[in-house]
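In what follows, a single structure is set out as structure tokens and then discussed.
Below, each value reflects all heavy atoms present in this structure, side chains not excepted, and no hydrogens, waters or symmetry copies. Note that ligands are numbered from 1 as they come in the structure, with each ligand's atoms numbered from 1 the same way.
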Amino acid sequence: MSGRLAGKVAIITGSGSGIGQSIAIRFASEGATVVVDYRNNIDQAQETASKAEAAGGKAILVKSDVSILADTQNLVDQAYQQLGRCDILVNNAGIEKEAAFWDVTEADYDAVLNVNLKGAFFLTQAFVRRLRDAKLPGRIINISSVHEDMVFPNFSTYCVSKGGMRMLMRNLSVELGPLNITVNNIAPGAISTPINAKMMANKSQLDALLKNIPLGRMGTSADVAAVALFLASDDGAYVTGSTYFVDGGLIRNYHEQ
Ligand code: BGC
């Protein structure tokens, strides 16, 4: 199959829904074989795989909870065992929990940090070790958030995880550059995906948010997938150590009234 990712294999974590699903389908439409990672919901993962195949690519499913170290290793092992290679890793799986700082529980702290940061950390490690051993190039794309940089009151665990992801990306761009492995973040703003379902159902909350977005609309997961494709393709070959904001201008917003 031809396409900008022809012959490549990409792992996309949390690709049963939302941004991860769109990235998997977009990559498949450009000739990639995608490894659809899911934690619980096999039906959603199967939907992603069918859509990826309908888009012209191939897909396999792997059940992996990225917060569990052995699962991250297995995810990479499965790509090699079933597909013989793995060129692109998209660390997309993420969760958020709302709580005032003084109410954050240890369980919620661990849940958010373990999925969003520890998961990306050790999955990236497993991905890189294989490439290092085989002396092959690679691409790492982290789906962080505008909140890798911007405050989000009542979501301190989420901000800590995404801020950590920002520094992980910057550090790895230096450590992995000599291996010809690039690493970049995509920082989505308010995207209409399941993570935002509750907020979008609340009209006054949604209207208040839209006032802060210069482009005046929520983003779509396809908006994010387009940038992921650029970073994964040959066009992104010389880009490493950067964050791409896909937020309709949210992070640059300024109003006097
Ligand atoms: C969060 C959303 C939030 C958006 C903009 C995203 O990273 O997941 O809950 O609406 O940032 O603040």
Return yes if a side-chain donor-acceptor contact under 3.5 Å exists between Gln21 and Gln44, otherwise no.
no

With Arg166 as partner, the option from Asp149, Thr243, Asn185 fulfilling side chain to side chain donor-acceptor pair (under 3.5 Å) is Asp149

Notebook entry, point to check: Are any non-hydrogen side-chain atoms of Leu176 and Ile140 less than 4.5 angstrom apart?
Noted result: yes

Closest to atom 4 (C) of ligand 1 among protein heavy atoms sits Gly189 O, 3.6 Å

In ligand 1, the atoms that come under 4.0 Å of a heavy atom of Ser145 are 6 (C), 7 (O), 11 (O)

Ranked by distance from atom 1 (C) of ligand 1, the top protein heavy atom is Glu96 OE1, 3.2 Å

request  = Would you please determine whether Tyr158 falls within less than 4.0 Å of ligand 1 on a heavy-atom basis?
outcome  = yes

The closest protein heavy-atom partner of atom 10 (O) of ligand 1 is Asn196 OD1, 3.2 Å

N-O pairing of Arg4 and Asp235 below 4.0 Å: yes

The closest protein heavy-atom partner of atom 12 (O) of ligand 1 is His147 NE2, 2.7 Å

- Query: Hey, are Asn91 and Thr124 close enough side-chain-wise for a donor-acceptor pair under 3.5 Å?
  - Reply: yes

